[in-house]
Trainee: 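My questions all concern the structure below.
No experiment lies behind these values; they were computed from the predicted model shown. As a basis for the values below, the full set of heavy atoms in this structure was taken, side chains included, without hydrogen atoms, waters or symmetry mates.
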Amino acid sequence: MVASLLEMRNISKSFGAVKALKGAGLHLSSGEVHALLGANGAGKSTLIKILSGAYSHDEGDIYLDGKPVSISSPKEAKDLGIHCVYQEVDTALVPQLTVAENILLDSFAGGSGFFVSKKKLRRKAEEILALLNEEQILVDQYVSQLTLAQKQMVLIARGLVKEADIIILDEPTAPLSIEETKYLFNMVRKLKTRGVGIIFISHRLPEVFEISDRITVMRDGATIGTVKTTEASHKQIVEAMLGKDLVITEKQKTVPGKKLLEVDGISDGGLVKNANLSVSRGEIVGVAGLVGAGKTELSRILFGLTKTESGVITMNGKRVPFKSPADAIRAGVVLIPEERRKEGLFINESIQHNLTFPHIKSFSSFLFMNRKLEKMHAEKIIKDFGVKTGGSTDPVLHLSGGNQQKVAIGKWTGADSDLYLFDEPTKGVDIGAKKEIFDLIQSLADQGKGILYLTSEISEILTVSDRILVMYDGMIVKELSREEASQEKILLYASGGKEESDEQPSVSVCI
């Protein structure tokens, strides 16, 4: 390993009575990809926010190139060569500006000159993109026209303008397709050759083992240890993250009940084309597909968010043309969306308000709210779902990703819903919280609810599903029983491929 680039020693941080960090540390070398792992609430986000200047720390020291530094703002962090590329890249970019303007945004935003030469701006942006061997992105393009992976490249390029020594990648692959992830990893390897230190935060262990040189694990606000990636196993890392072995019990074979949902040839006039599927009571039906396959669009049709151009939806034996989410909810259909912070929760409101909002009429009489009854309802769900919080009045914003997802699911349990649509339910959630969410979903199925589980995480869909549908290019191209499904087979169909048997007319499958 080359020279020491960053050392964070004995970092402690409290928020009121809660100790978020307890003597945590991190060591990063030049030209190294260092993975920072931990369950939701382990303290890794707090540690990174201290490094990037968003938070101050109560105790401890930070060293860059062996010299102590003080970081009291994001600007100071950037001036010291520390840049962060967050998962939600759109919050850091201005879509109405060009690639060049976004790359140089920090430079001319902090400058004293009133006029900016567009010619110089373009030339400088082209130089930075050339350093990354990036030819697909044009400097005159508007950022709104870029893919998610390209937007991440723009943020990385912005860091190189100020000669970033450290780049923090926070869940960078969560919104990316397989090809976009390869594209990002190629860029990370190029940054390594330039001596840039990369801090890589992810819940996807296969990617961590592919791209990182070392792994640091955090738990309960403390650093548990650091290990070379080549000397670690998935099992060891999971046990270090959770403090115990993770046991996921094998799913028992389910006997489906009465047919609940039947979908016959629905299309949205856009991505979703002639989709056919069914879900019975007590059944978990998985819908697998790569990013962009049309899973989210399908869930939006079934929840009344998108107009159905053609086809028929039948719920409990009745034809139900959903014109709005209100129609879907009345018919017993609810959606836990992929973007829970934007679409599934009132992120700045309390847990209590989020859990009771869908049933507000149950707690109100004329203009008055029965706060006692509302609180009792919220506290029961918090207890039943194992939401880790100080109390029902805590803002949802302060919860970990896994606990936010429990609230997003729990808010519908009082609605006596029949069909739950889960769109990427474990996105940004650690492995321990994933198991808890799997258990919650299974408990809903055990109560006779129907589950449609839509995800690009193929290993997950094999864990939770009774039956698996594969989507490709907006169409459901294959149905697989639990027994015949495998990661290889699902990926084959999800990528547009076919097995040899599918191409024989005598055994062709009609869906």
Side-chain angles (χ1 to χ4, degrees), residues 177 256-340 342-344 358 408-409 411-412 415-425 427 441 444-445 449-456 461 465-480 493-494 496 509-511:
S177 67
K258 187 179 178 183
K259 195 81 75 180
L260 186 62
L261 171 76
E262 292 179 88
V263 174
D264 183 16
I266 60 168
S267 303
D268 63 357
L271 185 55
V272 178
K273 309 165 189 125
N274 196 34
N276 300 281
L277 63 97
S278 66
V279 182
S280 297
R281 288 191 176 276
E283 184 182 32
I284 302 174
V285 177
V287 179
L290 304 179
V291 173
K295 303 181 304 299
T296 294
E297 290 77 7
L298 177 62
S299 72
R300 291 176 69 85
I301 293 175
L302 296 177
F303 192 55
L305 283 164
T306 303
K307 184 181 176 183
T308 306
E309 289 290 323
S310 60
V312 176
I313 301 172
T314 305
M315 186 73 184
N316 282 316
K318 296 179 182 177
R319 184 168 173 171
V320 281
F322 296 147
K323 295 180 180 177
S324 69
D327 288 343
I329 293 166
R330 277 192 292 270
V333 181
V334 295
L335 170 66
I336 294 85
E338 177 181 7
E339 297 296 338
R340 59 178 172 266
K342 293 179 182 178
E343 300 173 352
I409 300 168
K411 76 176 189 179
W412 292 117
D416 197 27
S417 306
D418 290 323
L419 178 68
Y420 285 72
L421 311 173
F422 288 90
D423 185 16
E424 299 287 1
K427 181 178 175 180
I441 290 171
L444 290 169
K449 310 296 183 183
I451 310 292
L452 197 64
Y453 189 102
L454 305 105
T455 184
S456 56
I461 215 154
S465 304
D466 297 304
R467 194 159 47 89
I468 297 167
L469 308 175
V470 186
M471 281 195 85
Y472 170 73
D473 195 25
M475 295 179 285
I476 294 174
V477 295
K478 186 70 176 176
E479 178 176 330
L480 298 166
Y493 287 105
V509 178
C510 182
I511 296 177

Trainee: Within this structure, what is the CD1-OG distance for the pair I441 and S465, rounded to the nearest 0.5 Å?
Mentor: 9.5 Å

Trainee: Minimum heavy-atom separation for A494 and G289, please, with both atom names.
Mentor: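 Shortest heavy-atom contact: CB-CA, 4.4 Å.
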
Trainee: Could you go step by step and tell me if M315 and L260 meet the side chain to side chain contact (heavy atoms under 4.5 Å, CB included) rule?
Mentor: CA-CA 6 Å; M315 186 73 184; L260 186 62; 3.9 Å; yes

Trainee: Compare every heavy atom of L454 with every heavy atom of S299, then report the nearest pair and how far apart it is.
Mentor: CB-CD1, 4.1 Å

Trainee: Is there a side chain to side chain contact (heavy atoms under 4.5 Å, CB included) between L452 and L277? Walk through the geometry before answering.
Mentor: CA-CA 10 Å; L452 197 64; L277 63 97; 4.3 Å; yes

Trainee: Which residues pass the side chain to side chain donor-acceptor pair (under 3.5 Å) test with D264, not counting sequence neighbours?
Mentor: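 Residues passing side chain to side chain donor-acceptor pair (under 3.5 Å) with D264: none at all.
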
Trainee: What residues, two or more places apart in sequence or in another chain, satisfy side-chain contact (heavy atoms from CB on, under 4.5 Å) together with A275?
Mentor: I266, V272, L298, I476

Trainee: If you round to the nearest 0.5 Å, how far is CG of L302 from CZ of F322?
Mentor: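 CG of L302 is found 7.5 Å from CZ of F322.
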
Trainee: Are V263 and I301 close enough, and set up right, to give a side chain to side chain contact (heavy atoms under 4.5 Å, CB included), and what steps lead you there?
Mentor: CA-CA 11 Å; V263 174; I301 293 175; over 6 Å; no

Trainee: Please check this pair: side chain of S267 against backbone of N274, looking for a donor-acceptor N/O pair closer than 3.5 Å.
Mentor: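 Such a contact is found between S267 side chain and N274 backbone.
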
Trainee: Indicate yes or no: at least one non-hydrogen side-chain atom of E479 is less than 4.5 angstrom from one of I468.
Mentor: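 Sidechains of I468 and E479: no contact.
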
Trainee: If every non-hydrogen atom of I461 is compared with every non-hydrogen atom of Y453, which pair is closest and at what distance?
Mentor: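 Scanning both residues completely, I find the closest heavy atoms to be CD1-O, 3.8 Å.
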
Trainee: If every non-hydrogen atom of G450 is compared with every non-hydrogen atom of V279, which pair is closest and at what distance?
Mentor: CA-CG1, 3.9 Å

Trainee: Locate the shortest heavy-atom distance separating A293 from L271; write the atom from each residue and the value.
Mentor: C-CD2, 4.1 Å

Trainee: Would you check if I329 and S417 make a side-chain contact, meaning some heavy-atom pair closer than 4.5 Å?
Mentor: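 With C-beta onward as the side chain, the pair stays apart.
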
Trainee: Between CG of L444 and CH2 of W412, what distance do you get to the nearest 0.5 Å?
Mentor: 13.5 Å

Trainee: Measure the spacing between CG of L421 and CD1 of I336 and express it to the nearest 0.5 Å.
Mentor: 7.5 Å

Trainee: Return the CZ to CG distance between R300 and D423, rounded to the nearest 0.5 Å.
Mentor: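 One finds 9.5 Å between CZ of R300 and CG of D423.
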
Trainee: Nearest 0.5 Å, please: how far is OG1 in T308 from CG in D268?
Mentor: 8.0 Å

Trainee: Restricting to pairs with a member in residues 269-297, which pass salt bridge (charged side-chain N to carboxylate O under 4.0 Å, His left out), not counting sequence neighbours?
Mentor: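 Salt bridge (charged side-chain N to carboxylate O under 4.0 Å, His left out) check on residues 269-297 returns K273-D473, R281-D418, E283-R467, K295-E424.
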
Trainee: For a quick test of reading the model, state the closest non-hydrogen atom pair linking V333 to F303 and the distance between them.
Mentor: O-CE1, 3.5 Å

